[in-house]
Amino acid sequence: MKAKLLTSLLCGLATWASSAADSAVRKWDFENAQAGTLPAGWIAARTGTGSGSVWHVRADATSPHGSKTLAQTSSEGPNPLFNLCVAEGASYADMDLTVSFKSISGEKDQGGGLLWRYQDANNYYVARFNPLEDNYRVYKVIGGERRQLATADAEAAAGKWHTLRVVHQGDQMKCYLNGKLHLETSDVGIAKAGKVGLWTKADAVTAFDGLTVESKKSR
């Protein structure tokens with residue numbers, strides 16, 4: 001009887017542990033980072049060549065997540081350059097990824113978005129909103145070449161905070177802007193788990209905060 005009870009308890013703990021791992025949540029709000037620096041555990045990278053991809057913690061009392069944000073601060077990026085900032089230490093395949101963002105400036109490009117399943121600076125997925133074009137798009141970047149997977153017209157004013165969310169399970173993707181589903185697509189180009197992070201293009205100066213990732217179990 002005791003052996004059966006112990007086995008039952010152990011099975012229950014294993015199930016709980018597995019469930020907790022499947023729904024593990026991690027959040028970055030940059031409140032403990034020093035202004036003017038790249039936060040610990042983050043790396044700046046770029047797809048393409050040229051000046052740009054300069055990421056710093058900046059004070060911003062308007063952020064919905066605190067008084068500090070992580071921003072791409074360079075306005076020098078050429079049009080083909082993608083500015084990346086990647087969280088080190090954990091990789092995800094199936095996940096629910098959210099961030100708040102504010103478009104600050106940019107003549108060639110504005111806004112930005114989320115990247116995930118990041119293998120390296122030339123291979124990842126990205127979903128981004130551009131207030132200059134009033135569109136929301138999801139791409140895959142393979143071998144440094146960006147390929148559009150889906151697009152939708154959308155509006156979100158520059159200079160204000162908005163929310164992007166991506167849910168990716170298996171080969172299925174759903175992309176939300178301010179809580180509204182705008183994009184649904186599928187792709188098998190990058191199946192492996194990868195890092196998550198932030199993305200802007202060219203000279204887009206954009207602030208981000210409250211990056212949250214929840215791992216999801218494939219069904």
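Sequence positions, counted from 1, serve as the residue numbers for this chain.
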Counting only heavy atoms not in Gln148, do more than 12 fall under 6.0 Å of its CD? yes
Has Arg58 got more than 12 heavy atoms of other residues, nucleotides or ligands less than 6.0 Å from its CZ? no
Determine, using the 4.5 Å side-chain heavy-atom cutoff (strictly less than), whether Tyr125 and Met95 are members of one ILVMFWY cluster. yes
Nearest heavy-atom neighbours spanning Asp109 and Ala202: CB-CB, 4.2 Å
Are Trp28 and Val86 joined in one hydrophobic group, where the rule is that I, L, V, M, F, W and Y side chains link up if heavy atoms are under 4.5 Å apart? no
4.5 Å side-chain heavy-atom contact, Trp42 and Phe30: yes
Would you say the side chain of Val167 lies within less than 4.5 Å of the side chain of Leu97, judging by non-hydrogen atoms? no
Donor-acceptor contact below 3.5 Å, side chain Arg117 vs main chain Ala93: yes
Do Trp199 and Phe208 make the cut of ring centroids closer than 6.0 angstrom? no
Pairing donors with acceptors under 3.5 angstrom, does anything connect the side chains of Gln110 and Ser105? no
What verdict does the side chain to side chain contact (heavy atoms under 4.5 Å, CB included) test give for Thr206 and Ile104, after you've listed the backbone C-alpha separation in whole Å, the side-chain angles of each residue and the deciding distance to 0.1 Å? CA-CA 5 Å; Thr206 306; Ile104 298 171; 5.8 Å; no
Using 4.0 Å as the upper bound for N to carboxylate O, is an ion pair formed by Lys68 and Asp60? no
Is it the case that more than 12 heavy atoms not belonging to Lys174 sit under 6.0 Å from its NZ atom? no
Lys27 with Glu214: basic N within carboxylate O range, under 4.0 Å: no
For Leu38 versus Ile43, what's the shortest heavy-atom pair and its separation? CD2-CA, 4.0 Å
Stepwise side-chain hydrogen bond (donor to acceptor under 3.5 Å, both in side chains) check, His65 with Ser100: CA-CA 8 Å; His65 301 281; Ser100 296; 2.8 Å; yes
What I'd like to find out is whether the side chain of Tyr124 reaches to under 4.5 Å of the side chain of Lys195, using heavy atoms alone. no
When the ring centroid of His182 is compared with that of Tyr176, is the distance short of 6.0 Å? no
Can Leu177 be reached from Leu183 by stepping across I, L, V, M, F, W or Y side chains whose heavy atoms are under 4.5 Å apart? yes
Looking only at atom types and distance, does a side-chain atom of His162 sit under 3.5 Å from a main-chain N or O of Leu164, one as donor and one as acceptor? no
Rounded to the nearest 0.5 angstrom, the NE2-OG distance for His168 and Ser186 is 8.5 Å
A side-chain contact here means heavy atoms from C-beta on lying under 4.5 Å apart; do Trp116 and Ile190 qualify? no
Euclidean distance, Glu107 CD relative to Asp203 CG, rounded to 0.5 Å: 6.5 Å
Within the structure provided, determine whether Val25 and Thr212 are in side-chain contact (heavy-atom separation under 4.5 Å). yes
Cluster check Leu115, Val99: I/L/V/M/F/W/Y, side chain < 4.5 angstrom: no
Taking all non-hydrogen atoms of both residues into account, name the closest pair between Cys175 and Tyr136 and its distance. CB-OH, 3.4 Å
Side chains of Asp96 and Val213 in contact at under 4.5 Å (non-hydrogen atoms): no
Thr69 versus Ser63, closest heavy-atom pair with distance: CG2-CB, 3.9 Å
What's the shortest heavy-atom distance between Arg46 and Ala121, and which atoms? O-CB, 3.4 Å
Output a table of donor-acceptor pairs, distance under 3.5 Å, between side-chain atoms of residues 73-82 and any protein atom two or more places apart or on a different chain; print 'none' if there are none.
residue: Thr73; atom: OG1; partner: Val54; partner atom: O; Å: 2.9
residue: Ser74; atom: OG; partner: Glu76; partner atom: N; Å: 3.1
residue: Asn79; atom: OD1; partner: Lys201; partner atom: NZ; Å: 3.2

Starting from Leu84, can I reach Val126 by hopping between I/L/V/M/F/W/Y residues whose side chains sit under 4.5 Å apart? yes
Side-chain heavy atoms of Leu70 within contact of Leu198, under 4.5 Å: yes
Does the pair Asn178 and Arg165 meet the rule for a side-chain hydrogen bond (donor to acceptor under 3.5 Å, both in side chains), with working shown? CA-CA 8 Å; Asn178 293 330; Arg165 179 187 176 204; over 6 Å; no
Enumerate, atom names and distances included, each donor-acceptor pair closer than 3.5 Å involving a side-chain atom of residues 138-145, sequence neighbours excluded.
residue: Lys140; atom: NZ; partner: Asp187; partner atom: OD1; Å: 3.0

Can you tell me how far CE of Met173 sits from CG of Asp171, rounded to the nearest 0.5 angstrom? 8.0 Å
Going by atom type alone, with no hydrogens or angles, which donor-acceptor pairs under 3.5 Å involve a side-chain atom of residues 149-161 and a protein atom two or more places apart or on another chain?
residue: Thr151; atom: OG1; partner: Arg137; partner atom: NE; Å: 2.9
residue: Trp161; atom: NE1; partner: Thr62; partner atom: O; Å: 3.4
residue: Trp161; atom: NE1; partner: Thr62; partner atom: OG1; Å: 2.9

Between Gln72 and Ser53, what is the shortest heavy-atom contact and its length? OE1-N, 3.6 Å
Going by the angle between their ring planes, with limits at 30° and 60°, are Phe129 and Phe101 parallel, tilted or perpendicular? tilted
Begin from the C-alpha positions of Asn83 and Thr200 and carry the test side-chain hydrogen bond (donor to acceptor under 3.5 Å, both in side chains) through to its verdict. CA-CA 5 Å; Asn83 310 297; Thr200 81; 2.9 Å; yes
Tell me whether the count of non-hydrogen atoms from other residues, nucleotides or ligands lying under 6.0 Å of CD in Glu88 goes above 12. yes
Are Asn123 and Tyr118 side-chain neighbours, meaning at least one heavy-atom pair lies under 4.5 Å? no
